[in-house]
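Order of the sequence lines fixes the chain letters, A, B, ..., with proteins taken first and strands second; residue numbering starts at 1 for each chain.
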Amino acid sequence: MSETILGIGDYGAARHPGGVVKTFALGSCVAAILLDPRTNAVGMVHVALPDSSINEAKARQRPGYFADLGLVLLIQEMAKLGSPANGRGLVVKLVGGASIMDHNNTFNIGKRNVLALKKHLWAYGLGPLAEDVGGNHSRTVSVFVDTGKVIVNCPGRGQWEV
Amino acid sequence: MSKVVDREAVRQAIEKLPLFSSSALQLLQVIADPDHELEDVVKIVKFDSALTMRVLKAVNSPVYGLVKEVTSIDRALSYLGERMVISIAVQENTGQLFSKPLEGYQSRQGDLWRHDLFSAIASREVARYAKGDFDLDLAFTGGLLHDIGKSIFASFWKEASQDALGQIEQGIVSDYLMAEQDLAGLDHTEVGYEMARHWQLPESLQAVILHHHHPAEAIECMQPLVYAVHVGDIVSMMAGCDTGSDSLKYHLDPGYEEFFNLSPTNLAEIVLNAEEEFSKAETSLKS
């Protein structure tokens with residue numbers, strides 16, 4: 001088994017047998033996960049903020065940090081592994097986007113991340129087949145090439161499949 | 001509900017903690033004085049050779065990309081800022097406290113240090129948006145120490161913690177701090193406060209440690225500082241730099257609005273800047 005570990009703002013894809021793409025402790029960040037049933041390729045981007053226009057320099061350095069740029073790059077990464085460049089036929093899952101208790105609109109970054117990703121997915125004609133988003137718990141998520149399974153772990157709550 | 005944590009055992013564990021070195025304590029006292037100057041910090045560091053070496057090692061870390069080696073403490077301090085010196089001094093004086101896994105919270109080795117360092121940087125970033133004057137480096141220091149109580153409390157909390165999340169989900173208690181109180185009879189902020197008193201930390205830092213989840217309970221003159229750390233702590237958890245099972249299981253106190261101008265855009269900038277500085281600080285402190 002070889003693991004591709006993604007940090008905040010990273011994106012990556014794998015299709016080799018035994019491959020796993022994983023990211024830790026999403027907090028209010030969201031993992032957009034793409035699965036290609038035809039090639040078995042899997043990919044993920046760890047998005048921290050909804051919109052790159054807030055900071056152009058950071059957008060150039062770490063485009064995966066932002067929902068608008070990260071999703072485009074992930075689809076390009078999947079295309080390098082044989083998936084359609086227009087994203088058609090890819091299965092989408094979303095994980096993360098948690099928030100603190102009693103948050104107000106200012107602190108609702110998790111929800112804004114989820115909405116931004118959905119908006120940009122629609123531009124490709126895509127939408128999430130499954131999602132595990134919101135709530136008040138931080139999630140670690142792993143995606144397995146061999147099975148296409150998306151497994152979420154959370155300290156104190158165990159693990160489950162999305 | 002039986003209170004399973006023996007307060008006397010916790011008190012004894014705190015009593016056994018080594019005291020801070022005189023230079024580290026002086027540094028924390030100087031930082032807590034709003035009228036201090038950088039020169040005051042330089043003087044303290046110069047008389048502590050071990051601290052001087054660590055500071056020079058940090059400033060010459062490849063992450064800062066300096067072309068010429070820095071060999072004087074004055075230059076190192078003006079480049080790194082007081083906050084990095086405080087980080088080094090606290091790290092040196094707390095030994096394994098920050099780095100060991102927090103059993104009761106199911107966190108990994110080093111998570112407490114990472115959470116507190118991120119919170120420190122985020123608290124400082126929050127303080128930039130203060131409506132009045134603010135000592136940014138004091139906000140950093142408060143963030144760095146706010147959760148120190150977990151380092152002692154975690155091992156006592158291990159057994160009682162099993163029911164904490166269930167209690168919150170069933171609405172028996174409203175947040176993780178109340179779960180600690182309900183199941184253990186004390187919480188990590190109380191333990192941290194006793195540690196701060198044992199170390200004779202300045203009162204402003206004691207207030208941060210005790211009240212960071214309920215900043216309105218701090219005395220009025222301390223509230224801006226405590227609110228900065230309250231928000232910095234939350235930003236750290238939102239960014240995934242947490243201490244395990246208690247992550248995001250606390251309330252946001254909207255009273256911060258009295259002291260800081262935080263819009264969604266400002267908060268996004270805080271997250272961005274904190275994450276960028278955290279990456280550099282973490283790397284240079286490891287070197």
Side-chain angles (χ1 to χ4, degrees), chain A residues 6-10 23-31 46-59 61-62 64-67 95-113 115-116 134-141 153-159, chain B residues 102 104-108 111 114-115 118 161-166 168-169 174-179 213 230-231 233-254 256-257 260-276 278-279:
Chain A
L6 305 179
I8 191 165
D10 289 343
T23 196
F24 289 97
L26 283 160
S28 62
C29 301
V30 180
H46 181 143
V47 165
L49 291 171
D51 186 358
S52 63
S53 65
I54 185 177
N55 187 318
E56 287 180 8
K58 186 79 175 181
Q61 285 167 17
R62 300 279 298 280
Y65 212 92
F66 305 95
V95 176
S99 64
I100 194 74
M101 300 170 100
D102 288 342
H103 60 80
N104 54 20
N105 181 52
T106 299
F107 282 77
N108 208 358
I109 290 178
K111 189 175 179 183
R112 285 198 290 277
N113 282 333
L115 291 176
N136 312 117
H137 48 277
S138 189
R139 301 156 170 97
T140 289
V141 60
N153 278 278
C154 183
R157 296 168 65 98
Q159 70 173 43
Chain B
L102 302 175
Y105 298 87
Q106 299 186 31
S107 80
R108 296 167 299 170
D111 279 354
R114 296 181 76 248
H115 170 68
F118 198 111
S161 67
Q162 309 295 325
D163 297 327
L165 296 182
I168 297 168
E169 279 169 18
S174 71
D175 68 1
Y176 204 90
L177 200 70
M178 277 191 69
H213 290 303
H230 173 68
V231 175
D233 180 27
I234 288 171
V235 169
S236 183
M237 289 187 270
M238 287 167 60
C241 249
D242 57 51
T243 56
S245 57
D246 68 329
S247 182
L248 300 166
K249 295 281 188 293
Y250 300 100
H251 294 278
L252 170 70
D253 180 341
Y256 74 84
E257 291 171 351
F260 306 100
N261 288 310
L262 294 185
S263 64
T265 306
N266 294 346
L267 193 68
E269 286 282 4
I270 288 168
V271 172
L272 267 180
N273 294 338
E275 204 269 335
E276 189 168 346
F278 171 74
S279 302

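Here the side chains of A:Tyr65 and B:Val271 are in contact, with some heavy-atom distance below 4.5 Å. In this structure, B:Glu276 and A:Arg62 have side chains that are not in contact, with every pair of non-hydrogen atoms separated by 4.5 Å or more. Between B:Glu169 and A:Arg157, the closest side-chain pair of non-hydrogen atoms falls below 4.5 Å. Between B:Glu257 and A:Asn104 the shortest side-chain heavy-atom distance falls below 4.5 Å. A:Met101 is listed as a side-chain neighbour of B:Ile168, based on a closest heavy-atom distance under 4.5 Å.
For a residue to count as touching a neighbouring chain, one of its non-hydrogen atoms must lie under 4.5 Å from one of that chain's; by this rule A:Ile54 touches chain B with backbone and side chain alike. In this structure, the portion of B:Ser263 lying under 4.5 Å from any heavy atom of chain A is its backbone and not its side chain. Contact annotation for A:Thr140: neither backbone nor side-chain heavy atoms come within less than 4.5 Å of a heavy atom of chain B. Proximity to chain A is absent for every atom of B:Ser107, based on heavy atoms less than 4.5 angstrom apart. The contact between B:Leu272 and chain A is made by backbone and side chain atoms together, counting heavy-atom distances below 4.5 Å. At a 4.5 Å heavy-atom cutoff, B:Tyr176 makes no contact with chain A through either its backbone or its side chain.
B:Leu252 approaches A:His103 most closely through the heavy-atom pair CD2-CA, 4.0 Å.
Judged as a ring pair (Phe, Tyr, Trp, His ring centres under 6.0 Å), and not counting sequence neighbours, A:Phe24 has no contacts. Under the ring pair (Phe, Tyr, Trp, His ring centres under 6.0 Å) criterion, A:His46 pairs with no residue at all, not counting sequence neighbours.
A:Ser28 OG to B:Met237 CE: the interatomic distance, rounded to the nearest 0.5 Å, is 11.0 Å.
A 6.0 Å sphere centred on NZ of A:Lys58 holds more than 12 heavy atoms belonging to other residues, nucleotides or ligands.
Between chain A and the residues B:Ala164, B:Ser247, B:Ala239, the most heavy-atom pairs under 4.5 angstrom are made by B:Ser247.
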